[in-house]
Amino acid sequence: MKDKFFKYLHELQDTITSKLEIIDGSSVFREDLWKRPEGGGGRTRTIEDGAVFDKGGVNISGVHGKLPASMESYFNVKNVDFFACGLSLVLHPKNPMAPTVHANWRYFEMYNKKGNVIDQWFGGGQDLTPYYLFEEDAVHFHQICKAACDKHNPDFYSAYKNRCDEYFYNCHRNEARGIGGLFFDYCKSSEEMSMSQWYDFVKQVGDSFLEAYVPILEKRAQLPFTKDQQNWQEIRRGRYVEFNLVHDKGTLFGLKTNGRIESILMSLPPKVQWVYNHQPAPNSEEEKLIRVLKTPKNWV
């Protein structure tokens, strides 16, 4: 399973980066191959200062070795080895009318000292973070997410949409990071779903990413915007940074397993503002966004 999924992630990275380079039309992804001293490595691809993308990364990694003590405590296990692979992407467009997007698809195994698999699961999802709310974009993104889920289980979309709303939430701000999407984790073999079926589901979601995001990006990336709207984008990017550094489990896992810091922090945008006690004007487009972030919505 791990070899099959890791091969798929290589192919998916190629597909996504090729399409995004065409959309940007100016910059291309820079590839950085790296190795983890304790075992494994990855292929980081980043794009910066393009015609469409301010910054973005589409990274894959496959790491293995002894599970660090801090993670053994977290999983309540002792003396185990692990393998983890995944694709993580974050795209920060230049235009504040175009939303930031994040996606991640991953697989994890743990082994006893005889090398036998003692646990394994899939996880992942994709979510949208707009700076200006176009409701038709939110509907489109969620419709594609739901279509991918419905091909495998009619209950998946509702469950994973709700988990996404719960997970990508800045509780210290009492607001969501964005307008959500899907979030699923610890997808293990059961009477209802085998690991092969979970693989098919995660692949379906991964394959849906470009269909979910690209039409939105193509519609918004060339719209006119003002300096004030750019300032709002940078203030909201600050909330994005706060979530990733304070709450995100993927960031925590990478730091605790001696992950590659440049790849882990690739998700952070290049230009950010923190303005003291900033409040959007009443009844403005900015306030409209905040109202939705305070109370997550059902889009489909």
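One is the number of the first residue; the rest follow in order along the sequence.
W121 and V202 fall into different hydrophobic clusters, defined by Ile, Leu, Val, Met, Phe, Trp and Tyr side-chain heavy atoms under 4.5 Å apart, directly or through other members. Side-chain heavy atoms closer than 4.5 Å link hydrophobic residues (I, L, V, M, F, W, Y) into clusters, and following such links, even through other members, never connects Y167 to L182. Note: the hydrophobic cluster containing L268 does not contain F29 (ILVMFWY, side chain heavy atoms under 4.5 Å, direct or indirect links). Following chains of ILVMFWY side-chain contacts shorter than 4.5 Å, one cannot reach L293 starting from V275, and the two form parts of different hydrophobic clusters. By the rule that hydrophobic residues join a cluster once side-chain heavy atoms approach within less than 4.5 Å of another member, V90 and L128 end up as members of separate clusters.
V63 is not listed as a side-chain neighbour of E38, based on a closest heavy-atom distance of 4.5 Å or more. Inter-residue side-chain proximity for N174 and K294 is flagged as met; some heavy-atom pair is nearer than 4.5 Å. Between F53 and L217 the shortest side-chain heavy-atom distance falls below 4.5 Å. Residues V77 and L67 are in side-chain contact: their nearest non-hydrogen atoms beyond the backbone lie under 4.5 Å apart. Put simply, the side chain of Y107 does not reach to within 4.5 Å of the side chain of Y199, judged on heavy atoms. Put simply, the side chain of I290 reaches to within 4.5 Å of the side chain of P280, judged on heavy atoms. The shortest distance between side-chain heavy atoms of Q126 and V101 does not fall below 4.5 Å. The shortest side-chain heavy-atom distance between F209 and L12 does not fall under the 4.5 Å cut-off.
Ion pairing of D185 with R106 is present here, as a side-chain N (NZ or NE/NH1/NH2) and a carboxylate O approach within less than 4.0 Å.
The nearest pair of heavy atoms linking T100 to H92 is OG1-ND1, 2.9 Å. Looking at every heavy atom in both residues, K78 comes nearest to E72 through C-OE2, 3.7 Å. Contact record, Y131 with L289: O-CD2, 3.3 Å, taken as the closest heavy-atom pair.
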Inset, instruction - Verify ring pair (Phe, Tyr, Trp, His ring centres under 6.0 Å) between Y240 and H102, making sure each step is shown before the conclusion. - result: CA-CA 11 Å; Y240 200 92; H102 158 261; 7.5 Å; no
Inset, instruction - Using the side-chain contact (heavy atoms from CB on, under 4.5 Å) rule, take L9 and C85 through it: C-alpha gap first, then chi angles, then the decisive distance, then the call. - result: CA-CA 9 Å; L9 294 182; C85 67; 4.1 Å; yes
Inset, instruction - Starting from the C-alpha separation in whole Å, work towards a yes-or-no answer on side-chain contact (heavy atoms from CB on, under 4.5 Å) for D127 and I179. - result: CA-CA 7 Å; D127 64 284; I179 56 92; over 6 Å; no
Inset, instruction - With side-chain contact (heavy atoms from CB on, under 4.5 Å) as the test, would you mind laying out the steps for N231 and Q273 before giving the verdict? - result: CA-CA 8 Å; N231 286 335; Q273 294 187 40; 3.0 Å; yes
Legend entry - Worked check of side-chain hydrogen bond (donor to acceptor under 3.5 Å, both in side chains) between E242 and W274: CA-CA 10 Å; E242 288 174 22; W274 278 274; 2.9 Å; yes
Legend entry - side-chain hydrogen bond (donor to acceptor under 3.5 Å, both in side chains) between H152 and Q197, worked out: CA-CA 8 Å; H152 298 268; Q197 288 172 312; over 6 Å; no
Legend entry - Worked check of side-chain contact (heavy atoms from CB on, under 4.5 Å) between S196 and M1: CA-CA 8 Å; S196 292; M1 181 59 70; 4.2 Å; yes
Legend entry - Evaluation steps, salt bridge (Lys or Arg N to Asp or Glu O under 4.0 Å), between R220 and E136: CA-CA 12 Å; R220 309 301 173 196; E136 66 191 87; 3.7 Å; yes
Legend entry - side-chain hydrogen bond (donor to acceptor under 3.5 Å, both in side chains) evaluation trace for N244 with S267: CA-CA 8 Å; N244 282 25; S267 65; 2.8 Å; yes
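Atom-to-atom distance recorded for R291:CZ and L133:CG is 10.0 Å, nearest 0.5 angstrom. Rounding to the nearest 0.5 Å places CG of N59 at 4.0 Å from OG1 of T44. Atoms NZ and CD, from K151 and Q204 in turn, are 4.5 Å apart once rounded to the nearest 0.5 Å.
Checked against a 6.0 Å centroid threshold, the rings of F243 and F168 count as neighbours. F156 has its ring centre less than 6.0 Å from the ring centre of W198. Between F5 and F108, the gap from one ring centroid to the other reaches at least 6.0 Å.
Applying the 6.0 Å contact sphere to CD of E287 captures more than 12 heavy atoms from other residues, nucleotides or ligands. Residue K66 places its NZ atom among more than 12 non-hydrogen atoms of other residues, nucleotides or ligands, all under 6.0 Å distant. Heavy atoms from other residues, nucleotides or ligands lying under 6.0 Å from NZ of K113 number more than 12. Heavy-atom contacts from other residues, nucleotides or ligands closer than 6.0 Å to CG of N76 number 12 or fewer. Counting heavy-atom neighbours within 6.0 Å of R30 CZ, excluding the residue itself, gives a total of 12 or less. More than 12 heavy-atom neighbours from other residues, nucleotides or ligands sit within 6.0 angstrom of NZ on K288. With a 6.0 Å radius and a threshold of 12 heavy atoms from other residues, nucleotides or ligands, K188 has its NZ atom above the threshold.
Every residue meeting the side chain to side chain donor-acceptor pair (under 3.5 Å) condition with D207, not counting sequence neighbours, appears here in chain and number order: Y8, K203. In this structure E31 satisfies the side chain to side chain donor-acceptor pair (under 3.5 Å) test together with R45, sequence neighbours excluded. For the ring-ring contact (aromatic ring centres under 6.0 Å, His included) test, no residue two or more places apart in sequence or in another chain qualifies with Y74. With sequence neighbours left out, E286 forms a side chain to side chain donor-acceptor pair (under 3.5 Å) with Y132, S284. Residues that satisfy the ring-ring contact (aromatic ring centres under 6.0 Å, His included) test with H172, not counting sequence neighbours, are H247. The side-chain contact (heavy atoms from CB on, under 4.5 Å) check on F225 picks up N95, P96, M97, Q229, Q230, with sequence neighbours excluded. F134 is linked by a ring-ring contact (aromatic ring centres under 6.0 Å, His included) to nothing, counting only residues two or more places apart in sequence or in another chain. By the ring-ring contact (aromatic ring centres under 6.0 Å, His included) test, F184 is found to be paired with Y160, F201, residues two or more places apart in sequence or in another chain being considered. Considering only residues two or more places apart in sequence or on other chains, S27 meets the side-chain contact (heavy atoms from CB on, under 4.5 Å) condition with D24, I47.
Each side-chain hydrogen bond (donor to acceptor under 3.5 Å, both in side chains) pair with one or both residues in residues 138-150, not counting sequence neighbours, appears once here: H142-Y157, K146-D150. For the salt bridge (charged side-chain N to carboxylate O under 4.0 Å, His left out) condition, the pairs that include at least one residue of residues 89-99, sequence neighbours left out, are D49-K94, D54-K94.
The closest donor-acceptor contact from the side chain of N298 to the backbone of V300 lies at 3.5 Å or more, if one exists at all.
Other residues sharing the hydrophobic cluster of V28, ordered by chain and number and joined by side-chain separations under 4.5 Å: none, the residue standing alone.
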